Amino acid sequence: MDYNILLGGAAGQGMNTIGDVLGKVITRTGYYIFFNKDYMSRVRGGHNFNQLRFSEKPLYSHKEKLDVIIALNEETIDKHKERLMKDGIIVASSDFKITDEKIITLPFKEIAKEIGNVKVFGTVIVGTIIKMFNLSLDILEDVLKEYFSGEILEMNIQAAQRGYELTGNRFNLVHPNQKDRITINGNQAVGLGALAAGCIFFSGYPMTPGTGVMNYIASKQKELGIVVEQAEDEIAALNMVLGASFAGARAMTSTSGGGYSLMVEAIGLSGIIETPAVIVNVQRPGPATGLPTRTAQADLKFVINAAQDEIPRLIISLRHAEEAFYQTARAFNLAEKYQIPVTILSDQYLADTGVTIDPYDFTKIKIERYLATKEDIGEAPYKRYKITDSGISPRIIPGKIPGQVFMVDSDEHDEFGHIIESGDLRNQMMEKRMRKMELIAQDVQEPWHLGNLEPEVLLIAWGSTYGPIKEAVELLEKDDKKVAALVFGDVWPLPTKLIQEYSQKAKKIISIEGNYSGQLADVIQEKTCIPIKERLNKYDGRPWSYDEIYRRIQEVL
Amino acid sequence: MDYNILLGGAAGQGMNTIGDVLGKVITRTGYYIFFNKDYMSRVRGGHNFNQLRFSEKPLYSHKEKLDVIIALNEETIDKHKERLMKDGIIVASSDFKITDEKIITLPFKEIAKEIGNVKVFGTVIVGTIIKMFNLSLDILEDVLKEYFSGEILEMNIQAAQRGYELTGNRFNLVHPNQKDRITINGNQAVGLGALAAGCIFFSGYPMTPGTGVMNYIASKQKELGIVVEQAEDEIAALNMVLGASFAGARAMTSTSGGGYSLMVEAIGLSGIIETPAVIVNVQRPGPATGLPTRTAQADLKFVINAAQDEIPRLIISLRHAEEAFYQTARAFNLAEKYQIPVTILSDQYLADTGVTIDPYDFTKIKIERYLATKEDIGEAPYKRYKITDSGISPRIIPGKIPGQVFMVDSDEHDEFGHIIESGDLRNQMMEKRMRKMELIAQDVQEPWHLGNLEPEVLLIAWGSTYGPIKEAVELLEKDDKKVAALVFGDVWPLPTKLIQEYSQKAKKIISIEGNYSGQLADVIQEKTCIPIKERLNKYDGRPWSYDEIYRRIQEVL
Amino acid sequence: MLNTKFETAKETAWCPGCGDFGILNALKEALNELALNPHEVVICSGIGQAAKVPQYINTNGFNGLHGRALPPATGIKIVNKNLKVIINSGEGDTYGEGGNHFIHTIRRNLDIAHFVHDNQIYGLTKGQASPTTNIGFRTGVQTNGVILEPLNPIALAISMGASFVARSFSGDAEHLKEVMKAAINHKGYALVDILQPCVSFNKINTFKYYKDRVYYLPEEFDRTDREEAFKRSLEWGDRIPLGIFYQVEKTTYIDCIDYLNNGPALVDKELNPMDAEKFMDDFK
Amino acid sequence: MLNTKFETAKETAWCPGCGDFGILNALKEALNELALNPHEVVICSGIGQAAKVPQYINTNGFNGLHGRALPPATGIKIVNKNLKVIINSGEGDTYGEGGNHFIHTIRRNLDIAHFVHDNQIYGLTKGQASPTTNIGFRTGVQTNGVILEPLNPIALAISMGASFVARSFSGDAEHLKEVMKAAINHKGYALVDILQPCVSFNKINTFKYYKDRVYYLPEEFDRTDREEAFKRSLEWGDRIPLGIFYQVEKTTYIDCIDYLNNGPALVDKELNPMDAEKFMDDFK
Ligand SMILES: Cc1ncc(C[n+]2csc(CCOP(=O)(O)OP(=O)(O)O)c2C)c(N)n1
Ligand SMILES: Cc1ncc(C[n+]2csc(CCOP(=O)(O)OP(=O)(O)O)c2C)c(N)n1
Ligand code: SF4
Ligand code: SF4
Ligand SMILES: [Mg+2]
Ligand SMILES: [Mg+2]
């Protein structure tokens, strides 16, 4: 079973709450949900929609076909009814003028008015849906209790009951039983990962869709006794993070492409002062302001090459909310291990989409600081940039070892961090820093492999396209197509083993990306000279869905 | 003949004036000079040196071997005497304590004191050198008249004469006769090109070595009635340029890598609002502050990929002061033709090196504005972003056509520049903009070819390495090596015809670049999948010299 | 809809009740009363709710980057002094991300008018503290309430030597329009900080909040006294002064450059490559 | 060479006669007299001649990007309140490229001391106008002389609500040292704008120029009166006041956050992944 509900209306109509409440009820009933949001860059009005798909099996993508459309306004029906399945239904308020055989209009607004609060209108609808899917009104009431209290809670419970009574059961479900899963989105997963990893300082400047990470961490700052500081701009944000990190804190910032642009110079700084930083870029379509609330995977080559000259760095793209948590924690460890900036590439699709997964295993998170002790560095004057075989120099933090001081310097410097002009020393320092890339390359994870082991067609992708591709590949395999996909998480330094291996087997390589030119394909060509000529690129600001990928691949096979 | 004079001392000792004056005398005598500067990031002290090479044939590189060392301090002798030819000489002040058979010590300081102004000390030395090379004291006096006046001039003329009388003729030269050439450095050539191209607004923030472009243009602002505005930061600089350009001005900014980092967001803006801008990045070694006064070619991949998402753009690297002038003018035309940001990549070596060339032919400069007229756009409301086959929309400037207004918008927009959310329109706009890349690709110039037409070894390079490679290839050809070089000027979009062609012929391809990893080689791999495995990379902040390239290529042959 | 040349058919994306509507209307009426034509005007903005103004008015517009409304305005005005250049943007845009441009644009004293929609919140990004948010205000980021001292734009502009510094309120259409006209007519840089209720994210500084507190600077207030202006600018809280705090004549940027002042606009200059040929002599 | 714990063997790259020497020496003496140890101190700077201070003193140092001295200082102080955080940088670095951080750092009121070497010129890049260069000053870029109104750091800081605002002069070692000590001891953000002759590029605002003009704020001057301080701050020209213009007690950033104020420094916190495990409940 695999149901798909669309909830559409204008900004400000409370759609997110309806979706969240419904999602919680469904999750607690034992289903996996996939809950994505399509919204405009405005606070009221316009046309937004959420899609809530659920199944007793894990879900990885939204889908096109709809079973239910819940229309908070008439526009929703116009825009989406084409996607409705033959036996699908549209649930609408009885004051709507549109007529269509699939529409069930119900007096949601009237009931809300009767209860005495127009705002409970959404809860009436939730009640109705609960009934249609044979879900539990008790669970719904539990969830409402977490959202509301007092009189408002009473009204909502009443609203739920009245909604529940409005109609009958429509979809015959036998509910599963597993109940302690979590439903989390990408921004929350990154935030939680950062908290688990011991991030004690966060500085950022709001930018959709990266703000969610800051919001999440801020919501826990008091409880954990950590600090989230809103900076005056993104330049300040990353420079504050570097100051905090220099002083010994695990520190992080999050933004989107425009803010990342402003951080570019400080990314170079992180590289040359060898001070760790974790920077989350939640991608949205550009150029410049672009489409603020939509999705893209179009900053790959930008973040790989951001800042003048060359530095060692690591770029991790996130494929799924599940790994987002673990990868964020890993980012902190590797940033400190190599004393480098680590960029986490997320995107709006991943960031705003709630998915149901097994709870994270916090015991798997190890905080590895790689700090040198007094004993490690000995009595001699401390060399912050000691030239070593690995390229990694022992790192201490200021103020902790009486008698030892050090400085970090954005100029090219000697082992003590003091400014130099010598070509020789410059070479040594550049080589020392870049040597770290060789070790990082060993820590880098090969792409995830999906599908056939001896594929004729090899799909190449990265980041959040993983989910849709996973479902598409499963369908293609059912059609007996010899298809495999390599979906990259770590993208820089580029892991090349599997791509070398599979490109030899496959007759055809097709990249699937969320950008105009096929950026990962370019990077693969740059690093391996394996030509990737067929490129499926999507850049309309919307995520790939598995059905779309399935269709497009069928076309080219 | 081919003489090489080194002038070394501390910052603040007047070395640049000595070099400039001497250079002018030599140029006016009919020689070609190549005058490069090696200086530290400080105002006084340290060790700086200039190298003045001259010949009756055009010169393209500095060289290692020296004929004369003029030592303003003792350190100069220590640092450079190894490079002195067997019959070379060192000219030093008689108060120096160092002894060496090649040293001629002369009482420069005493003479200056006798004249009554220690500052004329440098002119005494120039007088001496003039005599040694059998140059004309009259020409020297003419040059001095352009630098000084009144009493100071008198003292300098006296100093020149006294210096001239101090020693005899050392090098036997028969002087050539051609006399109206110019000696110009890369920053001046870019500035002059911009003025010729009708740049009427320049905004920048000082950053070595990019400041020279701003200084040059500023020096002419009053005479031409144009404006140079020093911005509060580089972000403001490029945004001002975009405002000015929107309003109809040809406008420009110059900076170095750190400043370019800060311009990244506005480069994306230029792309999406389709407003032309010319941005000069005079490269220096990074990361971050790096080595402020030294040279590098390490921002190539950075500038190609700067800014979130993708925009059409053109990157022109400068190979020589001669083309710097014409390419800058071309940059303005192409920026307006395609309504894009054009980045000019220069570097400290090119920027600060004076070379003698034939005067520029200003009649070759055509100012092509590509602006639409009232008639072009007609009566209907004007569409700034009209979707056309070429991707180029008719551009007008505000205020000129009563009844017509328009807006530019950093958000994704419709044909009128108004913010949109539609995926369809987004696709159309993205495609419209990126379609321009196809046309730009046709305007892009193939690399310069040097050497053999059927080479066994193919060298690949870009930008200012051109000069040293040119001389090195000539030497290798004299050794009967079948060597050719392709030296790229336009680097993005990458012209691929010649590289495709020559890579088929050559058995070995070697890239020679001024960066750590071989960035052009990477770009070629990305765009053509032609593997470039041998890479000679220099990243010590010093320029390649032809002798060094010659030696390194011999080693690998 | 008003009946001016500046109307457009475009539907706004603002929340019903937002103070931005009042500002947009006042702006259109001010332009209209000043008998300006749409093509003579350029409105520059950054990104934010306020910054959408150029989208909804029939003039030329430069809707640039967040925080960067002023530098393009500067470039435009320098190269074409004949355009009326107006900036409408949010206080986050202006005093937050764009703070550096704000202080340096004042120093340039170009003849431009700057209208800051000050809702004491980041509206478009859904309610984080802005530089003018009051201490104690709680948001999703400032979960314990704002602890940074709010920036006082009036005091700051006066300290930077701005030649026209005013405050108005989106809730008083007439006052706002008149102050806007004065700002546009003022020869030099003119700042108007406009109190603007955000009905969605600022439930503290509401229409009523402002209405209860604002008062008008008295007729006899001496707008040319900088120290007095500074003193008044510190008033904030129970009583919030509206009006022109400071206005003096001061040479503008264009005044200082002879050929800009007395010549045609830069963009009207004929371009000829040969004009620069003589500079080659320097290199001989 | 002085005889403090803060000496280093490193040769400076400054011009002989530069005012930066006096500032460096005063700083070392001030730290010495405050009985601080090198490892307890971090000096942050941007890029410029002034910004080389951390290179020449035996403390911890963060020599960051041009214009960006303050944000790292902010990050450092927030996570380790036990460090003495001092910023030394040029006026171009601070008020030009870094202007936005300057105004917002004041708002945070962290307990840090900020020493601005104000030579009214961009020294390291060889003599362009800085935000404080006087009108009319000619440079290679400002070929007709500066036309932008100079930024008045004292007035600006006072308008922004800084809790300690002072001016001193590199030519008066004793005064400078004492003001530095007061700034370091001040609980909260303390600005000292220091007049500093640049012998190479500023031939107008020389040692003598300053010496002839400076005077000391009188003993009886009331440093807690903001309006009076503002008034005094406008004095510039024939007479330039030195001293502490304004000093008040104000809650600092750290004061406002209970667990920072009463707990250990953030960097001394034990990190344990399990502390966050409970937050998973929110997602059930
Ligand atoms: C570089 C960059 N950083 C952040 C953002 C996100 N952003 C858009 S509007 C805004 C704040 C707007 O606040 P304000 O200027 O007060 O305008 P309002 O929406 O309140 O009218 C932010 C932070 C952005 N677009 N670009
Ligand atoms: C992003 C960036 N822009 C420009 C520069 C070049 N730069 C270095 S120092 C400096 C000015 C320094 O002036 P100031 O801060 O007054 O210091 P001073 O040298 O006068 O002490 C500039 C513009 C830079 N390093 N980085
Ligand atoms: S969020 Fe606030 S500022 Fe934005 S439109 Fe709504 S009410 Fe206005
Ligand atoms: S240039 Fe000026 S500021 Fe820099 S060291 Fe020399 S005198 Fe000092
Ligand atoms: Mg606002
Ligand atoms: Mg300075």
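Lettering of chains follows the sequences in order, A, B, ..., and the numbering in each one begins at 1. Keep in mind that this is a model prediction, so the values were computed, not measured.
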Between [X] and [Y], which heavy-atom pair has the shortest distance, and what is it?
X	Y	value
C:N272	B:I367	N-CD1, 4.2 Å
B:I273	C:F62	CD1-CZ, 3.6 Å
B:G399	C:L83	CA-CD2, 3.8 Å
B:P398	C:V42	CB-CG2, 4.3 Å
C:N58	B:V405	OD1-CG2, 3.4 Å

[options]: which one forms the most heavy-atom pairs within less than 4.5 Å of chain B?
options	value
C:K269, C:R107, C:K5	C:K269
C:A276, C:P54, C:C44	C:A276
C:I78, C:T105, C:L260, C:N37	C:I78
C:K10, C:E270, C:H39	C:H39

* Asked: Would you say the side-chain atoms of C:N60 pair up with the backbone N or O of B:F406, donor to acceptor, closer than 3.5 Å?
  ->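 Judged by distance alone, yes, a pair lies under 3.5 Å.
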Hey, are the side chains of [X] and [Y] touching, using non-hydrogen atoms and a 4.5 Å cut-off?
X	Y	answer
C:F279	B:Y216	yes
C:T59	B:M407	no
B:K222	C:I257	no
C:Y259	B:L224	no

How long is the span from the [atom1] atom in [X] to the [atom2] atom in [Y], to the nearest 0.5 Å?
X	Y	atom1	atom2	answer
C:M280	B:F362	CE	CZ	5.0 Å
C:Y56	B:I419	OH	CD1	6.5 Å
C:I47	B:S410	CD1	OG	3.5 Å
C:N80	B:I397	CG	CD1	7.5 Å
C:H104	B:D233	NE2	CG	7.5 Å

Best-contacting candidate, [options], against chain C by heavy atom pairs under 4.5 angstrom:
options	result
B:P402, B:P359, B:A231, B:A236	B:P402
B:H413, B:E223, B:E146	B:E223
B:L195, B:I365, B:T275, B:L269	B:L269
B:N185, B:L242, B:I235, B:I272	B:I235
B:V241, B:I182, B:D180	B:I182
B:V143, B:L238, B:T27, B:V227	B:V227

Considering only heavy atoms, which portion of [X] lies under 4.5 Å from any heavy atom of chain C: side chain, backbone, both, or neither?
X	result
B:E421	neither
B:Y360	both
B:R369	side chain
B:R28	side chain
B:A266	both
B:T363	both
B:T183	both

Can you tell whether the side chains of [X] and [Y] come within less than 4.0 Å, N to carboxylate O?
X	Y	result
B:D409	C:K52	no
B:E229	C:R108	yes
C:D282	B:K24	no

Please flag which part of [X] lies under 4.5 Å from any non-hydrogen atom of chain B: side chain, backbone, both or neither.
X	result
C:D268	side chain
C:V79	side chain
C:F283	both
C:K284	both
C:I103	neither

- Task: Tabulate, in ascending numerical order, the residues of residues 245-252 of chain B having at least one heavy atom closer than 4.5 Å to a heavy atom of chain C, or enter 'none'.
- Result: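 Residues of residues 245-252 of chain B touching chain C at under 4.5 Å: B:F246, B:A247, B:G248, B:A249, B:R250.
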Handout entry: Full working for side chain to side chain contact (heavy atoms under 4.5 Å, CB included) between B:D411 and C:N63
Key = CA-CA 8 Å; B:D411 295 281; C:N63 191 344; 4.1 Å; yes
Within residues 65-77 of chain C, the residues sitting under 4.5 Å from chain B by heavy atom, in sequence order, are C:L65, C:R68, C:P71, C:P72, C:T74, C:G75, C:I76
Self-check item: Flag for B:E232-C:H101: side-chain donor and acceptor within less than 3.5 Å
Solution: yes
